[in-house]
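Reminder, nothing fancy here: chain letters follow the sequence lines and each chain counts from 1.
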Amino acid sequence: MSFTLATWNINSVRLREDLVLKLLSEQAPDVLCLQECKSPVEKIPTAGFEALGYTHMVARGQKGYNGVAILSKIPMVEAGAEDFASLGHARHIAGRLENGVTIHNHYVPAGGDIADRDVNEKFGQKLDYLTDMRDAFRTSAPKRAILVGDLNIAPREDDVWDHKKLLKVVSHTPIEVEHFNDVMTAGDWHDVTRADIPAGRLYSWWSYRAKDWDAADKGRRLDHIWATGDIKDAAHSSRVLRDARGWEKPSDHAPVFATFDL
DNA sequence: ATGGTTGAGTGTCAA
C-alpha cells in the first residue's frame with residue numbers, strides 16, 4: 001500500500017480549522033500530524049475532518065498550550081503517548097496503521113530565547129526532552145516506524161537562512177544539533193526529507209515578525225519526517241507546501257509531506 | 001542591540 005503523510009504545526013487547531021480543511025481538501029494526505037493544537041482533545045473540531053474521510057484520530061491536548069493530534073483516512077489505533085522530560089505537557093502521541101507502521105508525532109519544546117540552561121529553564125527542558133527520546137530509543141529500538149513533528153531544531157547549514165548568524169540562536173546551536181543527532185542515531189532514524197531533497201536551502205517555518213516573509217525568506221527547517229532504516233527506502237516525493245505560509249491568517253509553519261510505499 | 005507578530009485568554013506568557 002502507498003500512503004502520503006503530512007506534518008504541520010497549526011498554531012491553534014480551533015482558530016485554523018478552515019486551514020486544516022483546506023489542506024485536507026486540496027492535498028488529501030492519508031495521514032495528517034498536527035502540533036500546537038492548543039486545545040483539549042474534546043474541543044478539537046473533528047466533525048469537518050470526519051466529513052472529509054478522516055474518521056480516525058489519536059490525540060493529546062491541554063488548554064492553551066501544546067497539543068498533538070494524528071488524523072487519518074486509514075484505520076489507525078493509538079500506540080502510546082509519552083511525557084518526555086516529565087513536563088506534564090501534551091507533546092507526543094503515537095498511532096499504528098493497519099500495515100503495522102507506527103507513527104510518532106512530536107512537538108519538541110521551543111526552548112526559550114537564551115541558549116544556556118543555567119539561566120533559562122526552558123532550554124534545559126528542551127535538551128532533557130531530546131535526551132529522554134534518545135534513551136527511550138536505546139531501550140527499545142523502533143522498527144517499521146515514522147517520526148514526525150515540529151522538532152524545533154534546524155540541524156543543517158542549509159536548513160537556516162544564515163548559518164553563522166544563527167549559531168547562537170535557539171534552534172540552531174551546536175548543542176541542540178548534537179542532541180538532535182544523538183536521537184537519530186539511537187533510533188536508527190533517517191531524515192526522509194533530506195534523502196529526497198539532499199542539498200539546498202529548505203525551510204518549513206518563517207517568523208510572523210518579518211515584514212515580508214516570502215521576499216526576506218529568513219526561514220528555518222524545524223519540521224521533520226524521519227523513518228527507521230528498515231523502511232526508509234519506501235519513502236519518496238518529499239515536499240514542503242510553502243504556499244500554505246501565504247494563506248489567509250496562516251500558521252507560521254508550512255506543512256511537510258512524504259509518501260511511503262509499504 | 002533591539003524589536004518586530006501571533007494565540008490564548010484577560011495577566012502576560014509562550015513561541
Side-chain angles (χ1 to χ4, degrees), chain A residues 7-23 33-45 59-69 83-92 105-117 119-130 148-155 159-162 164-173 175-177 179-180 203-224 242-256:
Chain A
T7 178
W8 195 13
N9 178 317
I10 191 62
N11 190 14
S12 175
V13 71
R14 296 169 69 189
L15 187 70
R16 291 189 233 283
E17 175 187 3
D18 58 331
L19 296 191
V20 176
L21 293 171
K22 180 178 168 72
L23 184 86
C33 298
L34 297 171
Q35 305 86 34
E36 272 208 278
C37 296
K38 293 186 172 178
S39 171
V41 173
E42 66 273 16
K43 290 194 173 178
I44 295 175
R60 285 293 185 276
Q62 60 188 95
K63 194 167 98 176
Y65 302 99
N66 309 316
V68 285
D83 180 15
F84 295 102
S86 303
L87 300 173
H89 296 173
R91 294 183 177 275
H92 171 248
N105 181 18
H106 281 273
Y107 175 48
V108 172
D113 288 334
I114 303 165
D116 179 350
R117 66 180 306 153
V119 296
N120 171 20
E121 181 186 38
K122 290 188 172 54
F123 193 72
Q125 291 174 348
K126 181 178 197 173
L127 298 181
D128 290 347
Y129 189 101
L130 295 161
V148 309
D150 177 3
L151 306 185
N152 266 314
I153 294 172
D159 290 337
V160 295
W161 65 278
D162 189 320
K164 284 186 179 173
K165 280 196 173 71
L166 287 169
L167 274 171
K168 292 182 178 174
V169 175
V170 173
S171 72
H172 192 61
T173 64
I175 190 166
E176 288 172 88
V177 174
H179 279 65
F180 182 100
Y203 313 137
S204 65
W205 173 89
W206 297 261
S207 172
Y208 284 127
R209 298 174 190 178
K211 277 190 171 63
D212 187 341
W213 72 273
D214 195 26
D217 201 22
K218 294 183 174 179
R220 306 176 201 171
R221 190 171 70 101
L222 303 180
D223 302 275
H224 299 268
R242 183 180 170 118
D243 280 0
R245 181 61 179 79
W247 290 352
E248 184 85 12
K249 293 267 290 175
S251 166
D252 44 355
H253 293 253
V256 181

Taking the C1' atom in each of dG7(B) and dG11(B), what is the distance between them to the nearest angstrom? 14 Å
Here the distance between atom C1' of dG4(B) and atom CG of Asp212(A), to the nearest Å, is 14 Å
Should His106(A) and Val68(A) be marked as a side chain to side chain contact (heavy atoms under 4.5 Å, CB included) after you check the CA-CA gap, both sets of side-chain angles, and the distance that decides it? CA-CA 7 Å; His106(A) 281 273; Val68(A) 285; over 6 Å; no
What interatomic distance, in whole Å, is found between C1' of dT10(B) and the corresponding atom of dA14(B)? 15 Å
Considering every strand and a 4.0 Å limit on heavy-atom distances, what is the contact class for Arg245(A): base, sugar-phosphate, or nothing? nothing
Please determine, for the side chain of Tyr65(A), which listed nucleotide (dA14(B), dA8(B), dT5(B)) has the closest atom? dA14(B)
Considering only heavy side-chain atoms of Ala110(A), the closest of dA8(B), dA15(B), dT6(B) is dA15(B)
The answer to which of Gly111(A) and Val13(A) contacts DNA chain B further toward the 5' end, by nearest nucleotide, is Val13(A)
Expressed as a whole number of angstroms, how long is the span from Arg16(A):CZ to dA8(B):C1'? 12 Å
Over how many whole Å does the gap from Asn66(A) atom CG to dA8(B) atom C1' extend? 12 Å
Find the distance Lys63(A):NZ to dG7(B):C1' and express it as a whole number of Å. 14 Å
Looking only at N and O atoms, is any donor in the side chain of Arg209(A) or the base of dA15(B) less than 3.5 Å from an acceptor on the other one? yes
If the C1' atom of dG9(B) is compared with that of dC13(B), how far apart are they to the nearest Å? 11 Å
Nearest 0.5 Å, please: how far is OG in Ser12(A) from CD in Glu36(A)? 9.5 Å
In whole angstroms, how far is the P atom of dG7(B) from the CD atom of Glu17(A)? 15 Å
Pair Lys126(A)-Ile153(A), side chain to side chain contact (heavy atoms under 4.5 Å, CB included): steps then yes or no: CA-CA 10 Å; Lys126(A) 181 178 197 173; Ile153(A) 294 172; 3.9 Å; yes
Asn152(A) CG to Asn9(A) CG distance, which is reported to the nearest 0.5 Å: 8.0 Å
What is the distance, to the nearest angstrom, from the NZ atom on Lys122(A) to the C1' atom on dT12(B)? 12 Å
Thr7(A) versus Gln35(A), side-chain donor and acceptor atoms under 3.5 Å: yes
Hey, does Arg14(A) reach any base, or is it just sugar-phosphate, or nothing, if we go heavy atoms under 4.0 Å? nothing
Using the C1' atoms only, state how far dG4(B) lies from dA15(B), rounded to an integer number of Å. 13 Å
For the side chain of Glu36(A), starting at C-beta, report the closest nucleotide among dG9(B), dA15(B), dG7(B). dA15(B)
Do Tyr129(A) and His89(A) have side-chain atoms, one donor and one acceptor, less than 3.5 Å apart? no
Rounded to whole Å, the NZ-P distance (Lys218(A) to dT5(B)) equals 14 Å
Please figure out whether Lys211(A) or Pro109(A) has its closest DNA chain B nucleotide nearer the 5' end. Lys211(A)
Quick one: label Lys249(A) by what it contacts on the DNA or RNA (base, sugar-phosphate, nothing), any heavy atom closer than 4.0 Å. sugar-phosphate
Between C1' on dA15(B) and CG on Asp223(A), what's the gap in Å once rounded to a whole number? 13 Å
